[in-house]
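Here the structure comes first, spelled out in structure tokens, and everything after it is commentary.
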2 protein chains.
Amino acid sequence: MPIAYIEDIARHEGEQVTIRGWLHNRRSSGTIHFLTVRDGTGFLQAVMSKANVEPDVFTLADHLSQESAIVVTGQVRADSRAPGGFELEVTTLQVIGESHDYPITPKEHGIDFLLDRRHLWIRSERQSAILRVRHEVVNAVRDFFNSRGFILVDTPIFTPSAAEGTTTLFPVPYFDLGTAYLTQSGQLYNEANAAALGRVYCFGPTFRAEKSKTRRHLTEFWMVEPEVAYATLDDTIELAEQLVVAVVERVLDKRSRELKVLQRDTSRLERVKTPFPRVSYDEAVKILHDRGVNFEWGNDLGGTDETVLSEQFDRPVAVHRYPAAVKAFYMEPDPERPELALCVDVLAPEGYGEIIGGSQRIADADLLLERIRQHNLPQEAFEWYLDIRRYGSVPHSGFGMGIERVVSWLCGLDHLREAIAYPRMIYRMSP
Amino acid sequence: MPIAYIEDIARHEGEQVTIRGWLHNRRSSGTIHFLTVRDGTGFLQAVMSKANVEPDVFTLADHLSQESAIVVTGQVRADSRAPGGFELEVTTLQVIGESHDYPITPKEHGIDFLLDRRHLWIRSERQSAILRVRHEVVNAVRDFFNSRGFILVDTPIFTPSAAEGTTTLFPVPYFDLGTAYLTQSGQLYNEANAAALGRVYCFGPTFRAEKSKTRRHLTEFWMVEPEVAYATLDDTIELAEQLVVAVVERVLDKRSRELKVLQRDTSRLERVKTPFPRVSYDEAVKILHDRGVNFEWGNDLGGTDETVLSEQFDRPVAVHRYPAAVKAFYMEPDPERPELALCVDVLAPEGYGEIIGGSQRIADADLLLERIRQHNLPQEAFEWYLDIRRYGSVPHSGFGMGIERVVSWLCGLDHLREAIAYPRMIYRMSP
């Protein structure tokens with residue numbers, strides 16, 4: 001009997017197929033079992049009538065418990081009442097692996113209980129839908145850059161120095177060489193790579209030893225970071241806009257079933273089109289003041305400020321030209337107002353906050369060195385980074401986009417911890 | 001003037017375009033400068049005739065040094081003598097960033113000198129070709145799995161326990177939770193994910209604190225690991241074969257220019273077709289003995305043994321069913337000969353050694369527990385892993401493929417350190 005995956009079931013209408021999966025749920029009457037089978041690609045109702053199967057098979061199904069591994073064979077039948085439009089008329093059933101007292105039942109469980117059982121929790125309809133959306137986001141991002149001539153260059157995880165200070169770094173003893181730090185960003189390497197390959201991106205895990213317990217922080221998260229030689233801040237804002245729109249469109253297109261499971265209001269996502277509103281930091285401060293927020297010019301925007309700002313727009317908003325003092329040392333100053341940095345943060349709508357942060361980078365070696373000193377960074381560790389300015393320096397720009405934040409926004413999640421299979425937080429590193 | 005990338009130059013034949021890049025090389029006569037310009041996407045000969053440009057522009061080019069950032073404008077002209085078939089007839093030149101005493105000259109440099117300047121070395125024709133091949137390998141792998149219904153599930157980097165012993169782990173202090181270890185493999189998590197999503201893969205950096213200084217070891221390397229529920233050893237060998245062939249074909253198709261730069265003998269790669277020869281460990285031992293190698297049944301294959309074996313075949317060879325004693329604790333024993341594991345190593349030809357290692361995993365909870373105890377692993381740390389067998393256990397299989405080893409083989413490299421942008425080895429963690 002041909003083995004089929006549930007996601008392809010429509011192609012098998014009228015055929016006899018075998019589905020290999022697990023029992024998600026069972027309802028039974030005296031003469032009929034309704035088995036909801038999941039195989040990792042979807043959920044399917046398998047209907048077993050007493051009249052169609054051997055008596056011992058029917059009895060076997062009487063005692064099947066949640067998450068038993070089962071192989072069912074039967075005919076695929078279109079049925080408009082069935083979720084997904086098809087069901088399986090079961091003729092044989094085989095139990096491959098039993099499951100007793102599966103801990104995650106349809107009742108409510110606390111978040112710690114579920115996170116302790118994350119390896120099982122991901123089997124649920126909701127959690128597996130989120131992971132599929134994440135898969136689509138990652139691939140949409142990669143396809144976006146690959147189709148535009150970008151070269152993936154994996155930047156190192158072990159780094160000898162830090163892009164943005166050392167307080168939030170994870171140190172790792174490294175043989176006889178002292179301490180390596182887990183990367184917080186591939187950007188500095190990206191800059192060297194862009195000088196070699198023109199348009200590059202890195203996409204890997206990044207680490208922040210932040211003691212924040214907020215719903216917007218993980219200690220380990222994935223970030224994509226493009227960097228483009230000869231690109232200005234405006235170029236990078238445009239690239240960021242296009243990326244976000246491409247990702248949203250792809251998820252709407254390919255993962256509508258998952259968004260439905262998540263009960264996501266997709267009309268909010270359908271509004272995400274270019275151009276995004278562009279608001280300078282100065283204008284942002286005005287908006288905050290107009291909305292009665294007590295905010296002092298010169299500060300960085302906090303989570304609440306971002307929420308107030310993003311609520312003014314029906315799509316992501318690009319906030320640019322923050323005061324240089326609250327931003328990273330490597331950002332190019334605005335030539336018209338050097339107290340500002342040529343930078344941009346893209347804030348997601350619906351209160352999801354910053355999903356992208358980027359900038360034009362300092363091109364001048366002397367200015368960069370001055371900034372390294374002002375920030376009390378060890379010059380020696382940055383000699384290689386200065387080299388990028390010593391040997392054929394060009395204007396260049398890039399940004400980073402946090403994958404969990406995007407997934408969280410697109411899925412409408414309350415907390416980043418559901419946007420990754422095995423979340424790592426200050427108080428959790430297992431399973 | 002439209003800005004063009006060198007890789008697209010053929011599309012601009014006869015047009016005036018601007019190329020933004022760096023000076024790779026210069027030859028000059030009294031009335032003509034031949035400037036080899038690179039822009040990260042390729043190399044182009046830009047010809048500047050004294051008659052065609054302002055006198056000061058011609059003089060400027062007289063003093064241009066290697067890796068100066070330059071913007072050149074001119075007409076694209078087909079010329080069969082030019083490398084790539086096109087050249088640019090320059091009418092204007094602008095210097096964006098100077099470059100004095102660029103350290104990597106056309107003369108020979110030692111490997112440490114070059115690795116210390118890896119951020120610049122990657123600008124060379126050879127190194128950038130390798131990075132482009134790597135890019136293609138990674139994307140071929142991802143496309144392979146995505147097009148076959150696999151879901152990417154990123155497995156965690158911070159793990160509480162180790163898949164294969166703790167001696168080669170990097171420990172990281174983790175807040176108040178004690179020590180996290182950097183992942184050596186996502187496999188254990190993949191197994192849980194396959195039970196949730198059917199067919200999954202992870203693809204990320206992995207870490208081994210091995211003190212080996214061989215040309216086949218890095219402390220940080222990228223690995224792709226698929227895992228399939230309901231798959232047997234044979235299924236996973238077939239999947240591995242198909243993956244390798246898909247990657248080789250894609251690189252031959254899309255990166256012929258780069259392979260030419262690397263002077264790779266592609267006839268050796270063109271022979272890589274399914275099916276691969278499949279050789280049991282027993283047969284492998286016989287082959288070694290026939291070739292006069294002193295090898296005792298029961299040992300693991302060493303690098304030299306692998307080379308002797310792989311030299312018998314014109315394509316990768318799948319060696320299966322090693323003695324369980326030399327393999328990992330989680331491998332399913334061969335039901336016909338329980339002293340053997342249902343495992344496979346795929347050895348690349350031309351002496352490149354193991355590129356893939358995989359197995360069917362133990363499905364039975366009791367047997368798995370027994371193995372955990374035999375290997376003196378802490379049961380508590382593996383409770384979640386045992387859960388996969390407690391709740392609907394199914395046969396399942398998967399493998400890991402090391403990206404740097406594949407890149408190294410496809411590019412014909414002597415050492416893994418050139419197969420990644422910023423190699424990390426026992427004696428190197430910078431730049």
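Computed over heavy atoms, backbone and side chain alike; hydrogens, waters and symmetry mates excluded. Note on naming: letters A, B, ... go to the chains in the order of the sequence lines (proteins, then strands), and numbering restarts at 1 for each one.
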Taking [options] one by one, which has the highest count of heavy-atom pairs under 4.5 Å against chain B?
| options | answer |
| --- | --- |
| A194(A), S65(A), P103(A) | P103(A) |
| R117(A), Q66(A), R142(A), E98(A) | R142(A) |
| A229(A), A192(A), P423(A) | A192(A) |
| G198(A), G149(A), G21(A), S430(A) | G21(A) |

- Message: Could you go through H100(A) and Y391(B), starting from their C-alpha distance and side-chain angles, then the distance that decides it, and tell me whether this counts as side chain to side chain contact (heavy atoms under 4.5 Å, CB included)?
- Response: CA-CA 7 Å; H100(A) 300 292; Y391(B) 305 112; 5.9 Å; no
Measuring heavy-atom distances to chain A, does [X] have an atom under 4.5 Å in its side chain, in its backbone, in both, or in neither?
| X | result |
| --- | --- |
| D364(B) | neither |
| L120(B) | side chain |
| F221(B) | neither |
| S68(B) | backbone |
| W121(B) | neither |
| N139(B) | side chain |
| Y385(B) | neither |
| F175(B) | side chain |
| T155(B) | backbone |
| P205(B) | side chain |
| R199(B) | side chain |
| A209(B) | both |
| I70(B) | backbone |
| F203(B) | backbone |

Separation of [Y] [atom2] from [X] [atom1] (nearest 0.5 Å):
| X | Y | atom1 | atom2 | answer |
| --- | --- | --- | --- | --- |
| S393(B) | E67(A) | OG | CD | 12.0 Å |
| L197(A) | L131(B) | CG | CG | 6.0 Å |
| N193(A) | R118(B) | CG | CZ | 9.5 Å |
| E220(A) | T159(B) | CD | OG1 | 9.0 Å |
| S99(A) | R389(B) | OG | CZ | 14.5 Å |
| L182(B) | I157(A) | CG | CD1 | 9.5 Å |

Do the non-hydrogen side-chain atoms of [X] and [Y] ever get within less than 4.5 Å of each other?
| X | Y | result |
| --- | --- | --- |
| F158(B) | Y422(A) | no |
| I3(A) | Y230(B) | no |
| P173(B) | F170(A) | no |
| P156(A) | R424(B) | yes |
| P395(A) | I96(B) | yes |

- So which heavy atom on P431(B) is nearest to which on Y189(A), and how close?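 Shortest heavy-atom separation between P431(B) and Y189(A) comes out as C-OH, 3.2 Å.
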- Minimum heavy-atom distance between A180(A) and M429(B), given as atom pair plus value: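 Distance-wise, the nearest heavy atoms are CB-SD, 3.5 Å.
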Who wins among [options] for the most heavy-atom pairs under 4.5 Å with chain A?
| options | value |
| --- | --- |
| T219(B), V153(B), I420(B) | T219(B) |
| A69(B), A196(B), G97(B) | A196(B) |
| N146(B), D8(B), V138(B) | N146(B) |
| I151(B), V172(B), D176(B) | I151(B) |
| L152(B), D39(B), D101(B) | L152(B) |

Where does [X] contact chain B at under 4.5 Å (heavy atoms): side chain, backbone, both or neither?
| X | result |
| --- | --- |
| F145(A) | neither |
| F150(A) | backbone |
| V394(A) | both |
| R20(A) | both |

- Task: Verify the distance criterion only: is there a donor paired with an acceptor across the side chains of Y102(A) and D387(B) at less than 3.5 Å?
- Result: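 Side-chain D/A pair, Y102(A) to D387(B): absent.
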- Using a strict cut-off of less than 4.0 Å between a Lys/Arg side-chain nitrogen and an Asp/Glu carboxylate oxygen, indicate whether R134(A) and D154(B) qualify as a salt bridge.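 Answer for the salt bridge query: yes.
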- Message: Taking E7(B) first and then R148(A), would you say they form a salt bridge - that is, a charged N and a carboxylate O separated by under 4.0 Å?
- Response: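 Between R148(A) and E7(B) there is no salt bridge, as every charged N stays at least 4.0 Å from the carboxylate O atoms.
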- Message: Looking at W22(A) and G392(B), would you say the former's side chain and the latter's main chain have a donor-acceptor pair under 3.5 Å?
- Response: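 At least one qualifying donor-acceptor pair exists.
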- Query: Is R428(B) positioned over the aromatic face of Y174(A), cation under 6.0 angstrom from the ring centre and no more than 45 degrees off axis?
  - Reply: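 No, a cation-pi geometry is absent between R428(B) and Y174(A).
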- Message: Can you tell me if E383(A) has over 12 outside heavy atoms packed within less than 6.0 Å of its CD?
- Response: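 Yes, because the 6.0 Å sphere around CD of E383(A) holds more than 12 heavy atoms from other groups.
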